Number of protein chains: 2
Amino acid sequence: MTDPHPAPPLRAPRDGTRGVPDATVARLPVYLRVLTGLGERGVTTVSSEELALAAGVGSATLRKDLSHLGSYGVRGVGYDVGHLVQHVGRCLGLAEEWRVVIVGIGSLGHALANYGGFAPLGTRVVALVDSDPSVVGEQVAGLEVQPAERIVRLVSELGVRIAVLAVPAASAQAACDAVVAAGITSVLSFAPVELQVPAGVELRRVDLSTELGILAFRERRRAAADGEEPVVVLPETLVAAGVGGRGARGVHAEVAR
Amino acid sequence: MTDPHPAPPLRAPRDGTRGVPDATVARLPVYLRVLTGLGERGVTTVSSEELALAAGVGSATLRKDLSHLGSYGVRGVGYDVGHLVQHVGRCLGLAEEWRVVIVGIGSLGHALANYGGFAPLGTRVVALVDSDPSVVGEQVAGLEVQPAERIVRLVSELGVRIAVLAVPAASAQAACDAVVAAGITSVLSFAPVELQVPAGVELRRVDLSTELGILAFRERRRAAADGEEPVVVLPETLVAAGVGGRGARGVHAEVAR
DNA sequence: ATGTGTGAACAAATTCACAGCG
DNA sequence: CGCTGTGAATTTGTTCACACAT
């Protein structure tokens, strides 16, 4: 699948999004956001240096990323903000509207439904569903909560392609199976469990506790590097989970090797 | 990852967390979650194959990750679930309690405050703050919302180290500056803007629209590969953002094939 | 001049494949 | 044997440095 050499003589690869690396794709939304912000503030031209700074990446990375989309910069000048917004936007699929259903209208589902930030990236929440009959019928963010079985019709009639799962961990796999069975091909889950999906279905997870766990790891590393003695508190929940180690202060970790 | 210089004599933490790659750190919380799940279901031993499957990674990756922590597996047998939970947990800092403040108690802040999933990863929400006086004093998830200025004291007196920003995009940078000035060293932001933080402060972003943007990109790529004609709708928001191609009707996406 | 676009060098992460241990 | 742990090979991503277009 890797044809390393012959590229240069060839023009833009078909529609411009063929071999874009995953790492680049993950940064495109960031670039787009920064660019639209600049545009709103009346900026018409940016250099890779400025744009990179604002996006929090290196300028070389930024230029390489944009070059993957068949870039539109002007040598000696920089990038035209308007053009670049259009170009990146089109690559991300913003000329189309990606319809989203939110599954599970608990407090997180509520928050997501009311969150206005999707639209600028081409996605729109068009339906809310919940399996709890006492929630169905409720009006949230201008939409009526529908029964879970309705997903099938949302996919076939409204063209919904993306499901956001905001359900409890215990029912996440079942909800995921249900939306996949209904024909959903992209899933964004907020539940703190690993979901299994069939091949061909895109799954992304956003997990608050995972993120906090990563931050905690770094805090801990920093504290250790500082020789600092952290406050040690053992909440019962952790003890119950079997964590804590002998003596409640396992500083003498085995330094194998 | 944020080390511009070619690794000087780095001071190693004297425990097992020396030189653990970022990619590995990001997976540890996942392993831990899967492991505790197995433990609760009475499983006492797992092979790298099984654990990897459940965690959604390759078995080689999993073994290499665990080996970075100075692994505890038994050749020919597998890993003892209980031991591994302890070990990974300790590496993630679960023997300590990482105190968290949530900044911004809007609908997302409410949802986060009520979300119970943190505890298993060693973090605990101990305070809520908001700059809006009409929200201050409200009782949410058993905590009273405090005025924003209180952050300084939360850091110095309660030992809060991590701030979760659930504020609107427009005030996110100001809120971020404020918590950093108060002495917070780790920030998890939900606002759809790129935040600038001084060196030494860990920043992670969770951005719903970015995630959906990535899914949309893949959906689009898939659709293009299928030769499918997507429903084309141009919401005004996109037009306003300058996306959609010159002529406002650029529906003639260059469909390859 | 100036700053993009890009090969080439480098670094990180993943995967392979197998030695070695229980 | 079976399965971990790990060097070596491979793939993937980042950074450098400079030719070249404007």
Side-chain angles (χ1 to χ4, degrees), chain A residues 1-13 16 18-28 30-31 35 43-81 83-84 87-88 254-257, chain B residues 1-8 10 16 18-28 30-31 35 44-53 55-81 83-84 87-88:
Chain A
M1 215 223 270
T2 347
D3 202 337
H5 283 150
L10 200 53
R11 291 279 295 176
R18 216 190 18 162
V20 184
D22 282 353
T24 295
V25 172
R27 282 186 294 259
L28 290 181
V30 174
Y31 300 154
L35 283 166
V43 179
T44 60
T45 303
V46 272
S47 68
S48 62
E49 204 78 47
E50 298 164 323
L51 189 48
L53 186 71
V57 302
S59 64
T61 300
L62 181 119
R63 289 202 301 280
K64 183 137 280 190
D65 282 345
L66 293 183
S67 79
H68 281 121
L69 316 180
S71 189
Y72 271 85
V74 181
R75 292 179 188 222
V77 178
Y79 299 91
D80 181 278
V81 173
H83 278 176
L84 204 49
H87 192 64
V88 175
E254 40 301 312
V255 188
R257 271 192 313 293
Chain B
M1 191 213 283
T2 342
D3 201 344
H5 303 295
L10 190 59
R18 229 178 350 176
V20 181
D22 282 352
T24 294
V25 173
R27 281 185 295 259
L28 291 181
V30 175
Y31 299 154
L35 283 166
T44 59
T45 303
V46 272
S47 68
S48 64
E49 203 79 47
E50 297 163 325
L51 188 48
L53 185 71
V57 302
S59 64
T61 300
L62 180 119
R63 286 201 302 278
K64 184 139 282 190
D65 282 346
L66 293 184
S67 79
H68 282 120
L69 314 182
S71 191
Y72 270 81
V74 181
R75 293 177 189 221
V77 177
Y79 299 91
D80 180 278
V81 173
H83 277 177
L84 204 49
H87 193 64
V88 176

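Lettering follows sequence order; numbering is per chain, from 1. Everything quoted here is computed from the prediction, not taken from an experiment. The figures here come from the full heavy-atom set of this structure, side chains too, leaving out hydrogens, waters and symmetry mates.
Pairing each heavy atom of Leu51(B) with each of Leu84(B), the nearest pair is CD2-CD2, 4.1 Å. The shortest non-hydrogen separation linking Glu50(B) to Thr45(B) is OE1-O, 4.3 Å. The two residues Thr24(A) and His68(A) have their closest heavy-atom pair at OG1-ND1, 3.8 Å. Contact record, Gly73(A) with Tyr79(A): CA-CD2, 3.4 Å, taken as the closest heavy-atom pair.
The nearest heavy atom of DNA chain C to Gly76(A) and to Leu66(A) marks one nucleotide each, and the one closer to the 5' end goes with Gly76(A). Between Gly78(B) and Arg75(A), the one whose closest nucleotide on DNA chain D sits nearer the 5' end is Gly78(B). When the nearest nucleotides of DNA chain D are assigned to Pro21(A) and Ala60(A) by heavy-atom distance, the more 5′-ward of the two goes with Pro21(A).
The nearest whole Å value for the distance from the OH atom in Tyr79(A) to the P atom in dA21(D) is 16 Å. Across the protein-nucleic acid pair, Lys64(A) atom NZ and dA9(C) atom P stand 12 Å apart, rounded to whole Å. In this structure, Asp80(A) atom CG and dT4(C) atom P are separated by 13 Å, rounded to whole Å. What separates CG of Leu62(B) from P of dT6(D) is a distance of 14 Å, to the nearest Å. The distance from atom CG of Asp65(B) to atom P of dA12(C) is 16 Å, rounded to the nearest whole Å. dG3(C) atom P lies 16 Å from atom CG of Leu84(A), rounded to whole Å. Rounded to an integer number of Å, the gap from CZ of Arg63(B) to P of dA19(C) is 15 Å. Regarding Arg27(A), its CZ atom lies at a distance of 12 Å from the C1' atom of dT15(D), rounded to whole Å.
Listed for the His87(A) side chain is a donor-acceptor partner under 3.5 Å among the backbone atoms of Leu69(A).
Side-chain proximity of Ser47(A) to dT15(D), dT4(C), dT14(C): nearest is dT4(C). Each of dT15(D), dG22(C), dT4(C) was ranked by its minimum atom distance to the side chain of Val74(B); first place goes to dG22(C).
Contacts of Gly58(A) with the nucleic acid, taken as non-hydrogen atoms under 4.0 Å apart, are absent.
Taking 4.0 angstrom as the limit, Thr61(B) places a side-chain polar atom (N or O) nearer than this to OP1 or OP2 of dT15(C). In this model, the phosphate group of dG3(C) is not approached by any side-chain N or O of Ser48(A) to a distance below 4.0 Å at OP1 or OP2.
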